[in-house]
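Notes to accompany the following structure.
Nothing here was measured: the structure is a model prediction, and the numbers come from that model.
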Amino acid sequence: MSAVRPAENLLEQVAENALDDDYYVVRAGEPYGDRSATTPAVGVVVAVLAALLTITAVQTQNDRPGSDLERRTLAADVADRRDVLAARQGAAEALRDQVAALQGGAGAETSTDVASDTVLAGGRALRGTALVVTMAGSPDGERAGRLTVQDLLTVVNGLWYAGAEAISVGGQRLTSESAISSIDGNLTVNFSRIEVPVRIVALGDGASLRSRLESNPAGRYLAGRADSAGISVGMAPSDDEEVPSAPEEQTDLRRAEPLPASADDARGEG
């Protein structure tokens, strides 16, 4: 009797066990296991999968209107911004045309231009509605209560800021070359001594000038000076006031002339 080699035994075992035991059971016509326990579990899994698919479909359907609304809103915003850009470009073109027209006519000065410049320079007396401001020092004569140059300058700047069209201080017309100062303890405007109480006339709508003066920093300064030093400040609109013309030396109209472009400027522009 010959001995069986281990390799042959191993091959035989592999051949015999190549198929699962259940295969042989089914082939023999026997029922395959107890399916009664697995059927409900399969049903539950199918139901869960169906529910998940339904929820996903509903969520997608619900999200679609929001997405569509966002796209429509974004498209509308883009269209609005394009309209705004087009309008601004049109305005820029119009402004460029105006600048070109003004540059073209800059050299042609008319008599109307001269008259307007004369008024602005203070070369002509003016009359109209106004706000009249009257200022004086403290009645007790204390040094801190004296009317100062700073008080007058603050009121004048506040009136210009409020929209005054022309201003006189103590009967002196103010221009770009006017000076308010103090000489030997006396207040002066255009180097002419003025009397206290000082009367300031600002042409324009009196009520509006008063309201704007009281609400701007100059008005708050005056209120503080009245409380701390006792200076007096009176304001009253007037229907008819006059501001005189400025001294002749201040109304001489002068214009600057543009210099020709230098060689360095020409190279820089190129």
Side-chain angles (χ1 to χ4, degrees), residues 109 111-138 144-226 229-256:
E109 184 179 65
S111 58
T112 303
D113 296 329
V114 174
S116 176
D117 289 344
T118 302
V119 170
L120 294 176
R124 294 173 55 186
L126 299 174
R127 177 182 294 274
T129 59
L131 175 67
V132 179
V133 181
T134 304
M135 302 179 64
S138 173
R146 292 181 183 177
L147 204 61
T148 66
V149 171
Q150 182 62 41
D151 296 333
L152 296 181
L153 288 173
T154 301
V155 173
V156 167
N157 288 334
L159 288 170
W160 286 128
Y161 185 80
E165 298 174 7
I167 299 176
S168 66
V169 178
Q172 293 290 322
R173 174 76 171 273
L174 296 185
T175 69
S176 60
E177 297 184 4
S178 294
I180 299 177
S181 58
S182 176
I183 299 177
D184 296 331
N186 298 312
L187 295 172
T188 65
V189 179
N190 296 333
F191 299 103
S192 298
R193 181 171 178 252
I194 58 175
E195 299 294 333
V196 179
V198 179
R199 191 171 187 267
I200 302 173
V201 177
L203 294 186
D205 183 273
S208 177
L209 288 174
R210 178 173 182 171
S211 175
R212 293 177 180 176
L213 177 63
E214 290 176 340
S215 63
N216 70 30
R220 294 191 287 272
Y221 169 87
L222 290 179
R225 282 281 287 156
I231 68 170
S232 62
V233 180
M235 301 183 192
S238 175
D239 293 333
D240 186 22
E241 292 292 334
E242 179 180 339
V243 294
S245 61
E248 184 177 355
E249 60 270 16
Q250 294 185 11
T251 60
D252 183 22
L253 299 180
R254 297 182 295 275
R255 291 191 176 276

Legend entry - Residue pair Y161 / N157, side-chain heavy-atom distance below 4.5 Å: no

Legend entry - Close side-chain approach of R199 to E241, heavy-atom, < 4.5 Å: yes

Interatomic distance, [X] atom [atom1] to [Y] atom [atom2] [nearest 0.5 angstrom]:
X: L153; Y: I180; atom1: CG; atom2: CD1; answer: 4.5 Å
X: S168; Y: E242; atom1: OG; atom2: CD; answer: 9.0 Å
X: R212; Y: L159; atom1: CZ; atom2: CG; answer: 12.0 Å
X: L152; Y: S181; atom1: CG; atom2: OG; answer: 10.0 Å
X: L126; Y: E165; atom1: CG; atom2: CD; answer: 8.5 Å

Please report the shortest heavy-atom distance between [X] and [Y], naming the atom on each side.
X: G128; Y: L203; value: O-CD2, 3.9 Å
X: T188; Y: S182; value: OG1-N, 4.3 Å
X: L187; Y: V196; value: CD1-CG2, 4.3 Å
X: A202; Y: A164; value: CB-CB, 3.9 Å
X: I231; Y: R146; value: CG2-O, 4.5 Å
X: T175; Y: A246; value: CG2-CB, 3.4 Å

Legend entry - Result of checking I194, V189, V169 against I200 for side chain to side chain contact (heavy atoms under 4.5 Å, CB included): V169

Inset, instruction - Classify the side-chain pair T154/D151 by whether it contains a donor and acceptor separated by less than 3.5 Å. - result: no

Quick one: does [X]'s side chain have a donor or acceptor within less than 3.5 Å of a partner on [Y]'s backbone?
X: R127; Y: V243; answer: no
X: R210; Y: M235; answer: yes
X: S232; Y: M135; answer: no
X: N216; Y: A218; answer: yes
X: R173; Y: P244; answer: yes

Legend entry - D240 atom CG: more than 12 heavy-atom contacts under 6.0 Å: yes

